[in-house]
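Quick notes on the structure that follows.
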Amino acid sequence: MTTTPDASSTLESGIDPQRFRDLMAQVCAPVTIVTTTDGDGPHGATASSFASLSMEPPLITVAFDRKSALLSRIVTTGRFGVNLLHHGQEELAMRFARRGAGAERFHGTAWHNDTGLPRLDDAAGWVTCELYDTVEGGDHLLLIGLVTKACNVERAPLVYANRTFGTHSRFAERPRRPIIDHITACASD
């Protein structure tokens with residue numbers, strides 16, 4: 001169906017915002033919960049804008065709406081953690097995506113402090129970051145994090161595309177390392 005954008009909803013670039021949203025909804029993105037902590041306790045929010053940026057030094061990126069309460073806390077503390085979710089954690093992703101839930105998001109969620117940051121116990125991956133830089137990006141701010149710790153467990157990743165959660169269809173067919181290798185890798189961190 002073809003729609004004609006109304007002039008008031010067109011971006012500076014001339015692109016209809018809804019068309020842009022619909023296009024970007026088709027992009028498969030990892031689902032993460034980004035966390036930080038301050039004097040008010042743990043804070044976190046779901047983000048699907050996580051990406052690797054550099055190996056030397058190890059840098060990642062994640063973007064937040066400028067109105068995000070979590071964003072202001074990360075900028076103030078200068079530190080954040082990223083929990084990479086696995087397939088089956090859709091409910092957790094939705095809980096941390098709700099606006100205004102604050103620290104209540106952590107109630108009933110298994111988590112612990114890891115290097116002073118809230119780490120979800122069952123996440124497929126975990127990185128801790130020092131805020132390395134920020135980049136202005138329209139209505140969002142792109143955070144660049146210097147990775148200071150990384151840990152992962154081989155689990156089917158939770159991804160988001162076409163406004164629904166899913167995973168890679170062939171993940172279960174991949175050869176896997178023995179479970180003891182995963183335990184050793186995470187325990188040594």
Side-chain angles (χ1 to χ4, degrees), residues 24 27-37 42-64 68 70-71 73-74 77-97 105-135 140 142-162 164-189:
M24 295 311 296
V27 176
C28 187
V31 181
T32 67
I33 295 177
V34 179
T35 61
T36 195
T37 192
H43 306 279
T46 300
S48 60
S49 59
F50 175 77
S52 171
L53 178 63
S54 168
M55 294 300 287
E56 277 301 321
L59 299 174
I60 58 92
T61 64
V62 65
F64 284 97
S68 165
L70 181 63
L71 173 63
R73 292 177 189 278
I74 290 172
T77 63
R79 300 183 69 229
F80 62 97
V82 181
N83 295 271
L84 285 78
L85 301 187
H86 65 80
H87 185 60
Q89 291 187 306
E90 295 88 341
E91 185 179 312
L92 189 60
M94 291 303 296
R95 178 184 314 157
F96 278 80
R105 293 172 174 162
F106 287 89
H107 295 266
T109 301
W111 67 279
H112 64 278
N113 277 312
D114 186 325
T115 62
L117 293 166
R119 177 178 176 178
L120 304 179
D121 289 349
D122 196 33
W126 166 250
V127 294
T128 61
C129 298
E130 298 294 327
L131 185 57
Y132 185 81
D133 203 355
T134 62
V135 177
H140 278 60
L142 183 70
L143 304 180
I144 300 175
L146 175 66
V147 176
T148 58
K149 181 177 181 178
C151 177
N152 72 294
V153 177
E154 296 275 333
R155 297 181 105 172
L158 182 62
V159 296
Y160 191 75
N162 293 310
T164 190
F165 293 108
T167 193
H168 294 290
S169 61
R170 294 190 164 192
F171 182 83
E173 298 170 14
R174 293 178 28 176
R176 304 218 176 140
R177 297 185 318 195
I179 189 71
I180 192 67
D181 292 349
H182 298 290
I183 294 168
T184 303
C186 286
S188 65
D189 292 334

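Side chains included, hydrogens not; waters and symmetry mates left out as well; all remaining heavy atoms used.
- For the residue pair A29 and S48, the shortest heavy atom distance occurs at CB-O, 3.3 Å.
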I'd like to know whether R119 forms a side-chain contact (heavy atoms from CB on, under 4.5 Å) with C151, so could you lay out the CA-CA distance, the side-chain angles of the two residues, the decisive distance to 0.1 Å, and finally the verdict. CA-CA 11 Å; R119 177 178 176 178; C151 177; 3.5 Å; yes

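- Under a 3.5 Å cut-off, the side chain of E90 and the backbone N or O of G88 do form a donor-acceptor pair.
- No side-chain donor-acceptor contact under 3.5 Å links T167 to the backbone of H87.
- Counting only heavy atoms from C-beta outward, the side chains of F96 and V31 never approach each other to under 4.5 Å.
- Atom-to-atom distance recorded for L117:CG and H112:NE2 is 10.5 Å, nearest 0.5 angstrom.
- When every heavy atom of H86 is checked against every heavy atom of A124, the shortest pair comes out as CB-CB, 3.7 Å.
- Expressed to the nearest 0.5 Å, how far CD1 of I144 lies from OG of S54 amounts to 10.0 Å.
- Distance alone, capped at 3.5 Å, is enough to place a donor-acceptor pair between the T36 side chain and the R79 backbone.
- The distance from the CZ atom of F50 to the OG1 atom of T61 is 8.0 Å, given to the nearest 0.5 Å.
- Under a cut-off of 6.0 angstrom, the local environment of OH in Y132 is sparse, with at most 12 non-hydrogen atoms contributed by other residues, nucleotides or ligands.
- When each of L120, T46, L158 is tested with L92 by the rule side-chain contact (heavy atoms from CB on, under 4.5 Å), just one qualifies, namely L120.
- By the 4.5 Å heavy-atom criterion applied to side chains, C129 and T148 are not counted as neighbours.
- Taking both residues in full, the closest heavy atoms of A150 and V127 are given as CB-CG1, 3.9 Å, listed atom of the first, atom of the second, then distance.
- Between the side chain of N83 and the backbone N or O of I33 there is at least one donor-acceptor pair closer than 3.5 Å.
- Between Y160 and L85 the shortest side-chain heavy-atom distance does not fall below 4.5 Å.
- Remark: side-chain polar atoms of S68 are paired, donor with acceptor, to backbone N or O of L70 under 3.5 angstrom.
- Taking R73 as the reference, D38, D40 meet the salt bridge (Lys or Arg N to Asp or Glu O under 4.0 Å) condition, with sequence neighbours excluded.
- Residue F80 forms a side-chain contact (heavy atoms from CB on, under 4.5 Å) with just one option from V62, T37, T128, L71, and that option is V62.
- The two residues A161 and C28 make their nearest non-hydrogen contact at CB-CA, 3.8 Å.
- A distance-only check finds a donor-acceptor pair linking the side chain of R155 to the backbone of D122 [under 3.5 Å].
- Side-chain contact between K149 and D114: present, with at least one pair of heavy atoms (C-beta onward) separated by less than 4.5 Å.
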Yes or no on side-chain contact (heavy atoms from CB on, under 4.5 Å) for I60 and L53, after CA distance, side-chain angles and deciding distance? CA-CA 5 Å; I60 58 92; L53 178 63; 5.9 Å; no

Carefully, step by step, assess N113 and W111 under the rule side-chain contact (heavy atoms from CB on, under 4.5 Å). CA-CA 7 Å; N113 277 312; W111 67 279; 3.9 Å; yes

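- Inter-residue side-chain proximity for L146 and L59 is flagged as met; some heavy-atom pair is nearer than 4.5 Å.
- Pairing each heavy atom of P118 with each of P42, the nearest pair is CG-CB, 3.7 Å.
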